[in-house]
**Student:** 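This is the structure I have questions about; it appears just below.
Keep in mind that what you see is a predicted model, and the values were worked out from it rather than measured. All ligand and atom numbering here is 1-based and tracks the order in the structure.
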Amino acid sequence: MDLRLKNKVVLVTAASRGLGAASARRFAEEGARVAITARHPEKLTALAHTLTQETGAEVLPVAGDVTQPDDIEQMVQSTVERWGRLDVLVTNAGGPAAGKFLDLKIEQWEAAVQLSLLSVVRLCYAALPYLLKNDPPQRGSIVAITSLSVKQPVDNLMLSNSVRMAVIGLLKTLSTELGPQGIRVNAVAPGWTRTERVEELMAARAVANGTTPEEELKQQAAAIPFGRMGEPDEFADALVWLASPRASYVHGIVLPVDGGTIKASL
Ligand code: NAD
């Protein structure tokens, strides 16, 4: 299937590794022009170079922190200055701190709101004027990377379980407001996916439990119907389709990519 992404302009935040980087690569493979952002310019620039070499796509690195309003403006402005338009916004960030309610301090709640919620709000404010400039009927799309925690609370992830629900409320309401203008708004909810962050987590658990990372991975995967974690490429395939014009009538949804982990009814 041709996803009709050739020459589309895509901005993916928090894309130096993990789910963001896998998604950026997939967009590039589809012939899109892709701006990638993360906090550390060296890693980002190296990744942009690699993606261009391997896919032939134009990839623009824009260093910035999604908790900083000025950086968000810069991410969108640099993208539009380079290619003159914006077609797809993919919002992503690192996860909020883990912990149970009584372990968390109010400052951690405030940081989680900045990182997981207000970053999406600010990115939408910055990007929408450009999406709205595109020709109808399909002016563009917004896809937010969230978590399976928006469908099923995850133990010890109070902040993710709480703050990400506000992101879903934001997106669902935006889908009603922006649908008439031809802008699609959706979210993707990854389940356990074998990114570097998860590899690091399993390595830390192995040290704490006197096991191996592979044993920890196996134990964590036991609750997943497929008996394994997802790969970042599997996540990216779903996200890039959802963001593409080929998902033209898919709007206001949260798409789980979780190997069947979420137990709620279909
Ligand atoms: P990761 O840690 O591997 O990658 C996170 C990316 O975000 C990195 O590129 C990092 O540089 C960037 N980043 C972090 N904070 C930033 C900031 N303030 N500004 C700009 N960039 C920032 O994480 P991942 O596994 O790819 O997960 C991505 C998102 O998906 C996270 O929010 C995570 O909580 C969520 N998620 C992941 C999984 C999973 O199993 N991998 C499952 C559910 C939800």
**Student:** Compute whether any side-chain donor of one residue and acceptor of the other, for Q77 and Y130, lie under 3.5 angstrom apart.
**Tutor:**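 Looking only at side-chain atoms, Y130 and Q77 do form a donor-acceptor pair, the distance falling under 3.5 Å.
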
**Student:** Name each N or O atom in ligand 1 that is under 3.5 Å from a protein N or O, and give the partner atom and the distance.
**Tutor:**
residue  : atom   : partner : partner atom : Å
ligand 1 : 2 (O)  : R17     : NH2          : 3.1
ligand 1 : 3 (O)  : R17     : NE           : 3.0
ligand 1 : 9 (O)  : S16     : N            : 3.2
ligand 1 : 9 (O)  : S16     : OG           : 2.7
ligand 1 : 9 (O)  : R17     : N            : 3.4
ligand 1 : 11 (O) : S16     : OG           : 3.2
ligand 1 : 15 (N) : R39     : NH2          : 3.4
ligand 1 : 18 (N) : D65     : OD1          : 2.8
ligand 1 : 19 (N) : D65     : OD1          : 3.4
ligand 1 : 19 (N) : V66     : N            : 2.9
ligand 1 : 25 (O) : T195    : OG1          : 2.6
ligand 1 : 25 (O) : R197    : NE           : 3.3
ligand 1 : 26 (O) : L19     : N            : 2.8
ligand 1 : 32 (O) : A93     : O            : 2.7
ligand 1 : 32 (O) : G95     : N            : 3.4
ligand 1 : 32 (O) : R164    : NH2          : 3.1
ligand 1 : 34 (O) : R164    : NH2          : 2.8
ligand 1 : 40 (O) : G191    : O            : 3.3
ligand 1 : 40 (O) : T193    : N            : 2.8
ligand 1 : 40 (O) : T193    : O            : 3.3
ligand 1 : 41 (N) : T193    : O            : 3.3
ligand 1 : 41 (N) : T195    : OG1          : 3.4

**Student:** Salt bridge between E30 and K8, side-chain N to carboxylate O under 4.0 Å?
**Tutor:**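 Here E30 does not pair with K8 in a salt bridge, since their nearest N and O are not under 4.0 Å apart.
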
**Student:** I'd like to know if the side chain of T211 pairs up with that of E216 as donor and acceptor (distance under 3.5 Å, no hydrogens or angles considered).
**Tutor:**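 Yes, side-chain donor-acceptor contact under 3.5 Å.
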
**Student:** Quick check: does any side chain N or O of N92 sit under 3.5 Å from a backbone N or O of I145, one acting as donor and the other as acceptor?
**Tutor:**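 The answer is no, because no donor-acceptor pair under 3.5 Å joins these two groups.
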
**Student:** Ignoring hydrogens and geometry, is there a side-chain-to-backbone donor-acceptor pair from R184 to S244 under 3.5 Å?
**Tutor:**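 Yes.
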
**Student:** Between R26 and E29, is there a salt bridge with N-O shorter than 4.0 Å?
**Tutor:**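 Judged by the 4.0 Å cut-off on N to carboxylate O distance, E29 and R26 do form a salt bridge.
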
